[in-house]
Amino acid sequence: MAQNTTEVLVGTGVLAVAAGFLIYAAGLTGFAATTPDSYNLNASFRSAEGVGVGTEVRMAGVKVGTVTGLDLNAETFRADTTFTMKQGIEIPDDSAISISSEGLLGGNFVEIIPGGSPFNIDPDGEIEDTQSSVSLVTLLLKFVSGSDE
């Protein structure tokens with residue numbers, strides 16, 4: 001009987017640890033939907049190479065949000081991106097957004113470059129001035145081939 005009790009306790013512990021990992025992974029990947037202390041914004045990129053759900057959104061090098069959705073728009077053939085922003089950080093409506101790289105070996109992140117407008121983007125609004133990711137392989141091929149295009 002003592003062996004059964006031990007097995008039940010060990011099994012319960014394993015399930016608790018597994019549940020903790022699932023909750024942690026959901027939060028890390030941005031699977032958890034908008035929380036009360038955040039709001040959604042949208043942007044449409046020509047190419048969102050290197051960006052996925054869970055990618056950081058930064059402003060002035062500080063994480064201010066997370067990418068929560070990435071879909072191909074079948075009409076425009078652009079990557080429609082949804083991301084959450086921390087409540088209290090208001091983005092001017094003339095701001096730009098770009099996909100930036102952390103370096104040659106680093107990953108990509110989404111960077112917001114704030115504008116100077118006195119008017120802000122409403123929650124669920126869209127940042128229209130976008131700059132897609134630059135493919136390092138394409139740049140190297142242009143350099144090697146000597147192409148100006």
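Since we're looking at a predicted model, the values are computed, not measured.
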Query raised in the report: Could you state the interatomic distance from CD (Glu128) to CD1 (Ile121), rounded to the nearest 0.5 Å?
Result: 8.5 Å

Requested in this report: Please round to the nearest 0.5 Å and tell me the distance separating atom CD of Glu126 and atom OG1 of Thr81.
Outcome: 9.5 Å

**Report entry** Closest non-hydrogen atom pair, Ala79 against Leu70
**Finding:** CB-CD1, 4.2 Å

**Report entry** Spatial distance of atom CG (Leu41) from atom CG (Asp122) [nearest 0.5 Å]
**Finding:** 9.5 Å

Report task. State whether the side chain of Asp37 and the backbone N or O of Lys86 hold a donor-acceptor pair below 3.5 Å, judged by distance alone. Result -> no

Requested in this report: Give the cluster check for Ile113 versus Val67: same hydrophobic cluster or not, with ILVMFWY residues linked at side-chain heavy-atom distances below 4.5 Å.
Outcome: no

**Report entry** Heavy-atom pair of closest approach, residues Phe45 and Ala43
**Finding:** CE1-CB, 4.0 Å

Report task. Spell out, as yes or no, whether a donor-acceptor pair under 3.5 Å connects the side chain of Ser98 to the backbone of Ser100. Result -> no

Report task. Apply the side chain to side chain contact (heavy atoms under 4.5 Å, CB included) test between Phe83 and each candidate in Val51, Val64, Ile112; give the one that qualifies. Result -> Ile112

Query raised in the report: Do side-chain atoms of Thr66 reach the backbone of Glu56 as a donor and acceptor pair under 3.5 angstrom?
Result: no

Query raised in the report: Hey, is the main chain of Arg46 close enough, under 3.5 Å, to the side chain of Ser132 for a donor-acceptor pair?
Result: yes

Query raised in the report: Is there side-chain contact between Asn108 and Thr55, with at least one heavy-atom pair below 4.5 Å?
Result: no

Query raised in the report: Hey, what do you get for CD1 (Ile91) to OH (Tyr39), rounding to the nearest 0.5 Å?
Result: 5.0 Å

Report task. Check for a donor-acceptor pair, side chain of Asn40 on one end and backbone N or O of Thr82 on the other, with a separation under 3.5 Å. Result -> no

**Report entry** Closest non-hydrogen atom pair, Arg78 against Ser44
**Finding:** NH2-O, 2.7 Å

Query - Rounded distance [0.5 Å steps], CD1 in Ile127 versus CG in Asn42 - result: 9.0 Å

Requested in this report: List the atom of Ser95, the atom of Gly115, and the distance in Å for their closest heavy-atom pair.
Outcome: OG-N, 3.0 Å

**Report entry** Euclidean distance, Asp93 CG relative to Glu90 CD, rounded to 0.5 Å
**Finding:** 11.5 Å

Query raised in the report: Where the side chain of Asp129 meets the backbone of Asp94, is there a donor-acceptor pair that is under 3.5 Å apart?
Result: no

